[in-house]
Amino acid sequence: VQLQASGGGSVPAGGSLRLSCAVSGNMLGISAYSWYRQAPGKLREFVASISGGGLPYYTDSVKGRFTIAKDDAKVYLQMSSLKPEDTAVYYCKVVQSGVHEFWGRGTQVTVSS
């Protein structure tokens, strides 16, 4: 499974960005699609996930501002009302067969105050 994230950029506080993650390869058995982020000097943290059946889940800090969605070959993260603390490298991840994890390379999001 290969993942390629895109859509990052620099925006002012209050702005919006839409991240995309293209998923390719053997997609049989993929059960969850997730977004994580890692800010400078911090550990990578969970942002949002969506199950194969479309059930979303969000970390508290992004609820009401971020929306995760997917189609057959991509998973998206619509980010609105961005804050400087959302600045990070954003990574997509999928879980296959409940065990195997695959990560994309990440895309930089910078929010200026």
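Residues take their numbers from the sequence shown, with the count starting at 1.
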Quiz item: With a 4.5 Å limit on heavy-atom distance, are the side chains of Val23 and Phe102 in contact?
Solution: no
Practice problem: Taking all heavy atoms of Ser113 and all of Ala13, pick out the closest pair and write down the distance. | Solution: CA-CB, 4.4 Å
Quiz prompt | Cys92 to Ala5 - nearest heavy-atom pair and separation | solution = SG-CB, 4.1 Å
Practice problem: Would you check if Thr110 and Val11 make a side-chain contact, meaning some heavy-atom pair closer than 4.5 Å? | Solution: no
Quiz item: What's the shortest heavy-atom distance between Ser16 and Gln78, and which atoms?
Solution: CB-NE2, 4.1 Å
Quiz prompt | Over all atoms of both residues, closest heavy-atom pair of Leu28 and Gln96 | solution = O-NE2, 2.8 Å
Self-check item: Value rounded to 0.5 Å, distance of OG in Ser20 from OH in Tyr76
Solution: 5.5 Å
Quiz item: Below 4.5 Å, heavy atoms only, C-beta onward: do Leu3 and Lys93 meet side chain to side chain?
Solution: no
Self-check item: Arg44 side-chain N/O to Gln38 backbone N/O, donor-acceptor pair under 3.5 Å
Solution: no
Practice problem: Indicate yes or no: at least one non-hydrogen side-chain atom of Leu17 is less than 4.5 angstrom from one of Val109. | Solution: yes
Quiz item: Do the non-hydrogen side-chain atoms of Thr67 and Leu77 ever get within less than 4.5 Å of each other?
Solution: no
Quiz item: At their closest point, which heavy atom of Gly52 faces which heavy atom of Tyr33, and how far apart are they?
Solution: CA-CE1, 4.5 Å
Exercise. Measure up the Trp103 and Tyr91 rings against each other and bin them: parallel (under 30°), tilted (30 to 60°), perpendicular (over 60°).
Key: perpendicular
Practice problem: Show the numbers, then the answer: is there a side-chain contact (heavy atoms from CB on, under 4.5 Å) between Arg37 and Lys42? | Solution: CA-CA 10 Å; Arg37 65 187 180 187; Lys42 295 188 176 181; over 6 Å; no
Quiz item: Is the number of heavy atoms from other residues, nucleotides or ligands under 6.0 Å of Gln108 CD greater than 12?
Solution: yes
Quiz item: With under 30° as parallel and over 60° as perpendicular, where do the rings of Tyr36 and Phe46 fit, or are they tilted in between?
Solution: perpendicular
Practice problem: Using a strict 4.0 Å threshold on nitrogen-to-oxygen distance, state whether Lys63 and Asp60 make a salt bridge. | Solution: yes
Exercise. Determine the minimum heavy-atom distance between Asp72 and Met27, stating which atoms define it.
Key: O-CE, 3.2 Å
Self-check item: Min side-chain heavy-atom separation Lys74-Cys21 under 4.5 Å
Solution: no
Practice problem: Would you check if the side chain of Tyr58 reaches a backbone N or O of Ile68 as a donor-acceptor pair within less than 3.5 Å? | Solution: yes
Exercise. Using the rule that two of Ile, Leu, Val, Met, Phe, Trp, Tyr join whenever any of their side-chain heavy atoms come within less than 4.5 Å, decide whether Ile50 and Val62 are in one cluster.
Key: yes
Exercise. Determine whether Asp86 and Phe66 make a side-chain contact, defined as any pair of heavy atoms from C-beta on separated by less than 4.5 Å.
Key: yes
Quiz prompt | Distance in Å, Ser80 OG paired with Arg65 CZ, rounded so as to fall on 0.5 Å steps | solution = 9.0 Å
Quiz item: Measuring from Ile30:CD1 to Lys70:NZ, what's the distance to the nearest 0.5 Å?
Solution: 9.5 Å
Quiz item: Under 3.5 Å, is there a donor-acceptor pair between the side chain of Ser97 and the main chain of Val99?
Solution: no
Quiz item: What's the spacing between Trp35 CH2 and Met79 CE if we round to 0.5 Å?
Solution: 8.0 Å
Quiz item: Is the shortest heavy-atom distance from the side chain of Val89 to the side chain of Thr107 under 4.5 Å?
Solution: no
